[in-house]
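To keep things clear, I will list the structure first and then write my remarks on it.
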Amino acid sequence: MVVKTQSRGRGATGLNVGTKNVRRYFPRTTSVIELQLDHLQIQCGLGPDFWRGQPEINDPRLGAWLESKHLHAKPYRTPVPLAMIPAGKNSFRLQPAPVHGQHRIKPVSQTAA
């Protein structure tokens, strides 16, 4: 799934997951998810507003990681898209999203042997 960075000021950078992604990937019973950020693994809580139209993940460690990667959104810039890849139950790997039209995965054709 593609998510976007969001900034609410210095030190308050997080992710906007999007309401469609919430419905598809996050059961309402989930209160904590694990994010894999390079070699770092963190757990982030999901509050009730996550399912009520504010699909945001905010955590100081996530914000610090995003800022260290220069992936934070600035007020005058468009939010940066990231790939949030399922990596197990309630676990996701976060990485830069491929630019549209690049790094497309081509289907493997099967030939008869």
Side-chain angles (χ1 to χ4, degrees):
M1 83 182 97
V2 176
V3 299
K4 294 182 181 179
T5 59
Q6 67 176 22
S7 180
R8 295 185 183 234
R10 185 107 178 114
T13 304
L15 297 174
N16 186 316
V17 176
T19 54
K20 289 181 183 179
N21 287 334
V22 168
R23 286 192 298 269
R24 183 172 182 185
Y25 294 102
F26 298 88
R28 281 195 178 263
T29 57
T30 304
S31 61
V32 175
I33 63 165
E34 179 180 277
L35 290 178
Q36 299 173 17
L37 314 170
D38 295 329
H39 65 281
L40 179 66
Q41 291 185 10
I42 63 172
Q43 289 187 344
C44 299
L46 304 177
D49 289 340
F50 186 77
W51 288 273
R52 295 183 195 146
Q54 294 179 356
E56 302 167 0
I57 300 173
N58 294 298
D59 182 279
R61 298 162 297 173
L62 171 62
W65 183 82
L66 290 168
E67 290 178 13
S68 76
K69 298 292 184 182
H70 303 287
L71 296 174
H72 57 287
K74 294 184 180 179
Y76 58 90
R77 286 185 47 197
T78 303
V80 177
L82 297 169
M84 193 166 158
I85 302 163
K89 184 176 181 180
N90 301 329
S91 181
F92 299 88
R93 187 173 68 245
L94 197 62
Q95 63 187 45
V99 177
H100 183 68
Q102 294 181 356
H103 306 291
R104 288 189 180 178
I105 299 172
K106 296 179 181 177
V108 177
S109 61
Q110 298 197 2
T111 59

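Reckoned from all heavy atoms, side chains included, excluding hydrogens, waters and symmetry mates.
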Open item on the list: On a heavy-atom basis, which atom in E67 and which in T13 lie closest, and how many Å separate them?
Closed with: OE2-OG1, 3.0 Å
- [ ] With sequence neighbours excluded, give me every side chain to side chain donor-acceptor pair (under 3.5 Å) pair touching residues 21-30.
- [x] T30-N90
Which pairs of donor and acceptor atoms, one on a side chain in residues 33-42, lie under 3.5 Å apart (sequence neighbours left out)?
unit_1, atom_1, unit_2, atom_2, d
E34, OE2, S91, OG, 3.1
Q36, NE2, S91, OG, 3.2
D38, OD2, W65, NE1, 3.1
D38, OD2, K69, NZ, 2.8

Open item on the list: Testing the basics here: between P79 and T5, what is the closest heavy-atom pair and its distance to 0.1 Å?
Closed with: CB-O, 2.9 Å
Open item on the list: Given 3.5 Å as the limit, does a donor-acceptor pair link the side chain of R61 with the main chain of C44, or not?
Closed with: no
TODO: Locate the shortest heavy-atom distance separating W51 from F26; write the atom from each residue and the value.
DONE: NE1-O, 3.5 Å
Task: Any side-chain heavy-atom pair of E56 and D49 under 4.5 Å - done: no
Task: For P81 against V2, the heavy-atom pair lying closest together - done: CB-CG1, 3.8 Å
Task: Flag side-chain contact, heavy atom, 4.5 Å: L66 against V80 - done: no
- [ ] Drop me the distance from D59's CG to Q43's CD, to the nearest 0.5 angstrom.
- [x] 10.0 Å
Task: Student check: side-chain heavy atoms of V3 and I57 closer than 4.5 Å - done: no
Task: Candidate list Q95, R93, M1, test side-chain contact (heavy atoms from CB on, under 4.5 Å), partner M84, passing option - done: M1
